[in-house]
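Inspection log for the structure reproduced underneath, given as structure tokens.
Numbering of ligands and ligand atoms starts at 1, following listing order.
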Amino acid sequence: MEVLRLENVSFDYRQIEGEPLHAVKEVSLSVRKGEFLVLAGANGSGKSTLAKMMNGLILPTRGKVYVYGTDTADKTKTFDIRRRVGMVFQNPDNQMIATIVEDDIAFGPENLGVPREEIIRRVDWALKAVGMEARRKDTPFKMSGGQKQRIAIAGILAIRPDILILDEATSMLDPKGRREVTEVITRLNKEEGITVIHITHHMDEAVGADRIAVMHEGRIVMQGTPAEVFASPLLTTEYRLALPVASEIAAGLKKEGFDMPEVLTPAQLTEAICRLL
Ligand code: ADP
Ligand code: MG
């Protein structure tokens, strides 16, 4: 089932001087229910602009965006669309509202007028989903970046979105924080069936995706499984992305004349090296 559809979508930013800036150019994309899609691309390639069109924060200059079949340009449906498509942003500090974790998570459903009993259930569920049950009475401000970002995700989950978009939500985190967040969103996708669109330029976070779409200068220039996308030489040259660390090491060994298969994960790399030895 298709949950998100972009039809020939373009977005221009008006500028004070000169021509409009063409940030997104004629992008068509279909996302199916339960998919884990990674959207990758260098800085300025148009990822955030595209993401904001996916939940109606901005409307396309040309083309159409449909969320569960509803046109995002239909102003009477804006509220429904925002509720169905939850967004997590880069800086967790800008997404914290309350000084106590459980209040912070309850804020979204409270605003929607969800009954008290149901809010309690949702807060419990969301805390568990991000592995932060033990911290419900703590203050988020002193936590690590990874923990704060998990609280931010829980806050969005409490609104019960069908689609979760993370716009570089891991880019300010250290490797441990990135791993924590990646594990959480992978589990939400696999166990809760939430459709995930993860925007990142860390390809280590993309190895488990169902599909990777690569943006370059406002266009989606390549799409495929991680193995397909990582096999393209254009990825590192033209599109300025790095391979996953394990793939990079394997490629290096191959260049030195060792017989190496294509690998994506540290486990596959270890296995390949062991076989060589
Ligand atoms: P990404 O998220 O991939 O880094 P963006 O969607 O943020 O890319 O930006 C795409 C292009 O649009 C860039 O050239 C950027 O400078 C420009 N841009 C982004 N936001 C604005 C804005 N509010 N006003 C004008 N230009 C913008
Ligand atoms: Mg961005």
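For the Mg ion (ligand 2), protein N, O or S atoms closer than 2.8 Å were enumerated as Ser48 OG, with waters left out.
Considering both main-chain and side-chain atoms, Leu21 never comes within under 3.5 Å of ligand 1 through any nitrogen or oxygen pair.
If you number the atoms of ligand 1 from 1 as listed, the ones under 4.0 Å from a heavy atom of Ala23 come out as 10 (C), 11 (C), 12 (O). Interface of Asn43 with ligand 1, defined as ligand atoms under 4.0 Å from a residue heavy atom, comprises 4 (O). Within ligand 1, the atoms closer than 4.0 Å to a non-hydrogen atom of Ser48 are 1 (P), 2 (O), 6 (O), 7 (O), numbered from 1 in the order shown. Residue-ligand proximity, Ala42 to ligand 1, at heavy-atom distances under 4.0 Å covers atoms 3 (O).
Classification of the Tyr239-His216 ring pair by plane angle, with boundaries at 30° and 60°, yields tilted.
In Thr49, the parts holding a heavy atom less than 4.0 Å from any atom of ligand 1 are both the side chain and the backbone.
Heavy atoms from other residues, nucleotides or ligands lying under 6.0 Å from CD of Gln15 number more than 12.
Looking at atom 24 (N) of ligand 1, its nearest protein heavy atom turns out to be Tyr13 CD2, 3.5 Å. With hydrogens left out, the protein atom closest to atom 8 (O) of ligand 1 is Gly46 N, 3.1 Å, a heavy atom.
In this structure, Arg121 does not pair ionically with Glu117, as no charged nitrogen and carboxylate oxygen lie closer than 4.0 Å. Taking a cutoff of 4.0 Å between a charged side-chain nitrogen and a carboxylate oxygen, Asp71 and Lys77 do not qualify as a salt bridge. Contact check on Arg136 versus Asp124 returns a salt bridge, with a Lys/Arg side-chain nitrogen under 4.0 Å from an Asp/Glu carboxylate oxygen. The residues Asp167 and Lys47 are annotated as not salt-bridged, no charged nitrogen and carboxylate oxygen being separated by less than 4.0 angstrom.
In this structure, Val245 shares a hydrophobic cluster with Ile249, Leu253, Phe258, Met260, Val263, Leu269, Ile273, Leu276, Leu277, the cluster being traced through Ile, Leu, Val, Met, Phe, Trp and Tyr side chains under 4.5 angstrom apart.
A donor-acceptor pair under 3.5 Å links the side-chain atoms of Gln149 to the main chain of Phe89, judged by distance alone.
Partners of Lys137 by salt bridge (charged side-chain N to carboxylate O under 4.0 Å, His left out), not counting sequence neighbours, listed by chain and number: Glu102. Partners of Arg178 under the side-chain contact (heavy atoms from CB on, under 4.5 Å) rule, at least two apart in sequence or in another chain, are Thr170, Leu173, His202, Glu205.
The shortest side-chain heavy-atom distance between Gln268 and Glu262 does not fall under the 4.5 Å cut-off.
Hydrophobic clustering of Ile, Leu, Val, Met, Phe, Trp and Tyr side chains at less than 4.5 Å, counting indirect connections, keeps Ile185 apart from Ile199.
The closest approach between a heavy atom of Ala51 and any atom of ligand 1 is not below 4.0 Å. For the ligand labelled ligand 1, residue Gly41 lies outside the 4.0 Å heavy-atom shell.
With Pro20, Gly218, Gly44, Ala40 as candidates, the residue nearest to atom 10 (C) of ligand 1 on a non-hydrogen basis is Gly44.
Atom 16 (O) of ligand 1 is never approached by the protein to below 4.0 angstrom, counting heavy atoms only.
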